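Quick caveat: nothing in here was measured; it's all calculated off a predicted structure. Residue numbers begin at 1 in each chain, while the letters A, B, ... track the order of the sequences. All values below were derived from every heavy atom in this structure, side-chain atoms included, with hydrogens, water molecules and symmetry-related copies excluded.
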Number of protein chains: 2
Amino acid sequence: MGVVRKTKSVVTVLNLFEESDYSLSAVRLVELLNKKMNKTTVYRIVERLKDEGILHSFAGKDGLTWYAKCKGCTSSNHVDSHPHFQCRECGKSECLSIDVQVPAISNHKVDSAELLLMGHCADCL
Amino acid sequence: MGVVRKTKSVVTVLNLFEESDYSLSAVRLVELLNKKMNKTTVYRIVERLKDEGILHSFAGKDGLTWYAKCKGCTSSNHVDSHPHFQCRECGKSECLSIDVQVPAISNHKVDSAELLLMGHCADCL
DNA sequence: AATTTAATGCAACTAAGTTGCATAAGCAAA
DNA sequence: TTTGCTTATGCAACTTAGTTGCATTAAATT
């Protein structure tokens with residue numbers, strides 16, 4: 001597990017997440033950054049930032065991978081109950097700061113939960 | 001929206017879901033049925049059964065689409081709070097019969113929720 | 001049995017994400 | 001500030017999930 005270097009590309013990606021309140025899909029990131037860096041680079045950066053606990057990812061309803069800033073996560077200690085909201089209309093996804101209590105299941109070890117809410121966002125109502 | 005015919009292929013797919021307690025990913029279905037029918041057919045059947053309210057689908061952590069039998073769903077009335085469990089070890093996914101209360105969010109219209117629990121299943125513990 | 005309409009197979013395609021490898025750029029120590 | 005090591009990037013080619021168009025086949029209905 002390598003050290004993350006603060007390259008121009010890494011800074012560019014981080015800035016995008018600073019600017020945005022929303023989560024971003026890998027596809028959207030590639031689209032936004034296609035003038036500035038290679039698609040492979042985008043995928044690799046975002047995976048690296050995930051390993052570092054700076055971003056977290058989740059699968060949207062469409063199966064696409066979405067990334068968002070972690071609030072209060074480090075690489076060693078991950079807060080895993082991340083509720084997300086995705087708009088059926090525009091597809092945009094947001095991080096919610098609601099706490100989700102993870103139900104226990106017999107004979108299973110549950111170590112994280114992903115709650116994805118679907119509906120219509122403020123813009124699309 | 002056409003009528004669903006009880007073709008040999010449809011019956012075969014339904015039997016698979018009868019036999020299994022677990023959900024099945026589209027990929028796994030294609031794999032299991034590759035001797036009996038075409039990959040395209042699998043995808044189309046499973047979509048049709050979803051429209052009919054016989055199956056429901058959700059995105060696993062890996063982004064793959066999973067299908068499972070609906071309990072108490074019809075095409076007109078869908079019970080949308082479906083918690084699922086996916087094993088990090090073997091990847092298998094199960095339907096849970098726990099009720100999930102969907103949190104409300106201001107300025108948003110939430111119409112369904114997907115709760116995906118991750119961890120280790122009975123077999124992999 | 002004839003007819004209609006939905007279902008299937010096939011091949012070609014799209015799109016997300018990955019891999020290997022050569023080159024470039026960070027970073028630390030001298 | 002240069003040297004040298006290691007990580008990061010670009011590029012092209014690849015893999016894999018899922019889709020589409022179209023000709024053919026098989027349900028269902030009469």
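Taking 4.0 Å as the cut-off between side-chain N and carboxylate O, B/Arg28 and B/Glu31 count as a salt-bridged pair.
To the nearest angstrom, C1' of D/dA17 lies 13 Å from CG of A/Asp62. The distance from atom CE of B/Met37 to atom P of D/dA27 is 13 Å, rounded to the nearest whole Å. Rounded to an integer number of Å, the gap from A/Leu33 CG to D/dT9 P is 12 Å. With rounding to whole Å, B/Lys8 atom NZ is found 14 Å from C/dG9 atom C1'. Computed from coordinates, the B/Lys50 NZ to D/dG18 C1' distance equals 13 Å when rounded to whole Å. Protein atom NZ of B/Lys6 is 11 Å distant from nucleotide atom P of C/dA7, rounded to whole Å. Between A/Asn38 atom CG and D/dA13 atom P the separation is 13 Å, expressed in whole Å. What separates CG of B/Asn34 from P of C/dG9 is a distance of 12 Å, to the nearest Å.
Two residues are said to be in side-chain contact when any heavy atoms from C-beta on lie closer than 4.5 Å; A/His120 and B/Val110 fail this criterion. Side-chain contact between B/Cys95 and B/Tyr22 is absent, with no heavy-atom pair separated by less than 4.5 Å.
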Pull out every protein N or O sitting under 3.5 Å from an N or O of nucleotides 2-4 of chain C, one pair per line with the distance.
none

Would you tabulate the pairs of protein nitrogen or oxygen atoms and nucleotide nitrogen or oxygen atoms of nucleotides 16-21 of chain C closer than 3.5 angstrom?
{"residue": "C/dG17", "atom": "OP1", "partner": "A/Thr65", "partner atom": "N", "Å": "3.3"}
{"residue": "C/dG17", "atom": "OP1", "partner": "A/Thr65", "partner atom": "OG1", "Å": "2.9"}
{"residue": "C/dG17", "atom": "OP2", "partner": "A/Tyr43", "partner atom": "OH", "Å": "2.9"}
{"residue": "C/dG17", "atom": "N7", "partner": "A/Lys39", "partner atom": "NZ", "Å": "3.2"}
{"residue": "C/dG17", "atom": "O6", "partner": "A/Lys39", "partner atom": "NZ", "Å": "3.0"}
{"residue": "C/dT19", "atom": "O4", "partner": "A/Thr40", "partner atom": "OG1", "Å": "3.4"}

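Shortest non-hydrogen contact noted between A/Asn107 and B/Leu125 is O-CD1, 3.6 Å.
A/Leu24 CG to A/Leu64 CG: the interatomic distance, rounded to the nearest 0.5 Å, is 12.5 Å. Distance check, rounded to the nearest 0.5 Å: CH2 of A/Trp66 to OG of A/Ser25 gives 4.5 Å.
Nearest-nucleotide assignment on DNA chain C puts the 5′-proximal partner with B/Thr41, out of B/Thr41 and A/Thr7.
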Let me see the working for A/Phe85 and B/His108 under ring-ring contact (aromatic ring centres under 6.0 Å, His included), right down to the final yes or no. CA-CA 9 Å; A/Phe85 174 87; B/His108 293 68; 4.7 Å; yes
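Looking only at atom types and distance, the side chain of A/Lys50 has a donor-acceptor partner in the side chain of A/Ser57 under 3.5 Å away.
Between D/dT9 and A/Arg48, a contact under 4.0 Å exists linking OP1 or OP2 to a side-chain N or O.
No donor-acceptor distance shorter than 3.5 angstrom exists from the side chain of A/Gln86 to the backbone of A/Gly60, with no hydrogens or angles considered.
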